[in-house]
Visitor: 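This is the structure I have questions about; it appears just below.
Keep in mind that this is a model prediction, so the values were computed, not measured. Chain letters run A, B, ... following the sequence lines, proteins first, then strands; residues in each count from 1.
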Amino acid sequence: MIQTVITQKAKGNVVIANSIRTKMYLKGIAVDKFTTISPDDPAVMKKVREIAKEFGVIV
Amino acid sequence: MAIKTFSIKGTDSRDMARQAQKALADFQPKLLLFFASSNYESPEAALQEAFPNSEIIGSSSHSEYCNNDYTSGSVSIMAMDAGSVEDVYVQVVENIGAEPDLRDVLDGMHSHFGGVDEILMNFERYVGIVLFESSAKAEEVFMDRLGTATDLLFVGGSSSAADDGQSLVYANGRSYTSAAVLAVLKTTNGYDVLKTQSAHIFSERKLTVTKSDLRNRILYEFDHRPCGEVYAEVLGVEENEIQNYFVCNPLGVVAGDEIFVRTFNQIQDGGITLHCGLPEGTEINVLKIGNIVDDTQKALDEAIPYQPAGVINFNCLYRTLEILNENQVEPYCALFGRYPSIGFSTNGEAFLGHINETSTILVIK
């Protein structure tokens, strides 16, 4: 879900992708801590959905 | 010449502006950026009168940098003509403590340059400068909102003041408190942004912020335990000694290879106040401060392998005081003397977020 937000928001621009990753860290999402096999954490998922909505991204 | 940088000590703001006019004879600045010691009264009005056809932005300062020099009681000026800045658009957001919605402001800025698509297609040419008046203490929320409203990269810092002087930001002939000045530059030859913080990871142990007050910049708990207790544990010291380590061992959000420093203020109301709020859920490391001159040289040499048109250095006031304390002013300034450059001692730095104890640097190619 995190990677979807970054990919959709960056639209292929590497500089923007990196800045979105950093912005998510600063919003309290430790991006690299989560992988596709990480167990779902409802609190983190809720926060990522809120960030996606702010960014205008559908997840 | 695309950029001129110079430092002026005037008898007053009018004298300073007259000297600036003389220094810029036969030069038509598109944008004039200045950092004025808070000793000067209304420098923005004097400069606007002297340069009626230029966009003018600036900040009050505790102390200034210009090329090889560190000064106080001066005005550092960078003048950029069409050789370096093709176009610039300035907006002021007032009352930033009220958490204004920035979408309309940024929509207007995007539109001025032909819309978001134009900016994305020429992303390497567009960059923003943000100057905060620091008394609102709302920079972290503002930068978060700014980063949501635009993909443009904004770099800058928060105003400071000398002694009893007033902290202000300036735009187009007016001064502001509790405001942010935003300027989007369409550069002629591109830009680079870098930040250097001379802070390194002290402990690999990750601490999660589980209780905090973001807006009031108070930290209460790491991993559901009192933050002071956990901080002392990481340092291996007694909890009643932790204040002695606040300056040398700040906190950092580590995002990949980048560190975003958060410095301590004081123990208060069962928590610790910071100079930048931390949202709950954030993972941090305890840091240790390194050598500012060595780390700055490394960062500059890696990021600027060319002769830039100009360099703008937003250098934390803590770092300035540390450089002064360590008698390192000359070697530090010599690093920036290699380029046409200006800077000032900031009360907070900005790049993607609000940062402490850092230098954020905009390089105009």
Side-chain angles (χ1 to χ4, degrees), chain A, chain B residues 101-103 116-117 119-128 139-141 143-155 190-193 195 206-210 212 214 252-262 276-285 350-355:
Chain A
M1 190 192 287
I2 293 169
Q3 196 53 49
T4 302
V5 174
I6 295 169
T7 305
Q8 284 195 33
K9 181 74 175 131
K11 293 175 186 158
N13 185 311
V14 177
V15 177
I16 295 175
N18 285 334
S19 74
I20 298 295
R21 283 170 58 81
T22 302
K23 287 172 188 176
M24 291 182 80
Y25 268 102
L26 298 178
K27 286 172 184 282
I29 303 293
V31 175
D32 291 336
K33 184 178 165 184
F34 302 101
T35 66
T36 49
I37 56 167
S38 297
D40 288 348
D41 181 329
V44 174
M45 289 174 72
K46 181 170 178 269
K47 202 165 181 175
V48 173
R49 282 200 185 92
E50 287 168 2
I51 292 169
K53 193 176 170 191
E54 288 175 12
F55 282 146
V57 167
I58 298 163
V59 291
Chain B
D101 187 344
L102 299 175
R103 288 180 195 276
V116 172
D117 289 345
I119 290 170
L120 290 180
M121 275 191 298
N122 297 287
F123 198 70
E124 70 288 351
R125 292 182 64 191
Y126 289 98
V127 67
E139 294 100 323
E140 53 273 65
V141 175
M143 286 301 291
D144 179 82
R145 300 288 159 84
L146 186 63
T148 302
T150 185
D151 291 319
L152 280 164
L153 300 178
F154 276 84
V155 59
Y191 67 91
D192 275 311
V193 177
K195 71 175 196 47
K206 293 279 185 190
L207 309 177
T208 303
V209 177
T210 48
S212 68
L214 173 68
V253 180
V254 181
D257 296 331
E258 289 288 348
I259 296 174
F260 290 79
V261 182
R262 276 81 180 92
C276 176
L278 279 167
E280 290 176 2
T282 307
E283 281 196 348
I284 62 98
N285 289 77
F351 178 55
L352 300 175
H354 176 54
I355 327 169

Visitor: Taking every non-hydrogen pair under 4.5 Å, which of B/T282, B/D151, B/L120 racks up the most with chain A?
Guide: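 Looking at each option in turn, the highest pair count goes to B/D151.
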
Visitor: The criterion is side-chain contact (heavy atoms from CB on, under 4.5 Å); which residues satisfy it with B/N122, sequence neighbours excluded?
Guide: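 With neighbours one apart ignored, the set is B/E118, B/E124, B/Y126.
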
Visitor: Using heavy-atom distances under 4.5 Å, tell me whether B/S212 contacts chain A through its side chain, its backbone, both, or neither.
Guide: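 When you check distances to chain A, no heavy atom of B/S212 falls under 4.5 Å.
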
Visitor: Of the backbone (N, CA, C, O) and the side chain (C-beta and beyond), which part of B/V254 lies under 4.5 Å from a heavy atom of chain A, both, or neither?
Guide: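 For B/V254, the contact with chain A is made by the backbone alone.
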
Visitor: Sequence neighbours left out, cut at 3.5 Å: what donor-acceptor pairs do the side chains of residues 39-46 of chain A make with other protein atoms?
Guide:
from  : atom 1 : to    : atom 2 : distance (Å)
A/D41 : OD1    : A/A43 : N      : 3.0
A/D41 : OD1    : A/V44 : N      : 3.4
A/K46 : NZ     : A/E50 : OE2    : 3.4

Visitor: Does anything in residues 18-32 of chain A reach chain B? List residues with heavy atoms under 4.5 Å apart, or say none.
Guide: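 Hits under 4.5 Å: A/S19, A/I20, A/T22, A/K23, A/Y25, A/L26, A/K27, A/G28, A/A30, A/D32.
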
Visitor: Could you measure the distance from the CZ atom of B/F123 to the CD1 atom of A/I16? Nearest 0.5 Å is fine.
Guide: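 Here the rounded value is 4.0 Å.
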
Visitor: So for B/E283, is it side chain, backbone, both, or neither that comes closer than 4.5 Å to the heavy atoms of chain A?
Guide: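 For B/E283, side-chain heavy atoms alone lie under 4.5 Å from chain A.
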
Visitor: Checking B/L153 against chain A: side chain, backbone, both or neither under 4.5 Å from a heavy atom?
Guide: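 For B/L153, side-chain heavy atoms alone lie under 4.5 Å from chain A.
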
Visitor: Output the residues of residues 51-59 of chain A for which the shortest heavy-atom distance to chain B is under 4.5 Å, in residue-number order; output 'none' if no such residue exists.
Guide: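 Listed by number: A/E54, A/F55.
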
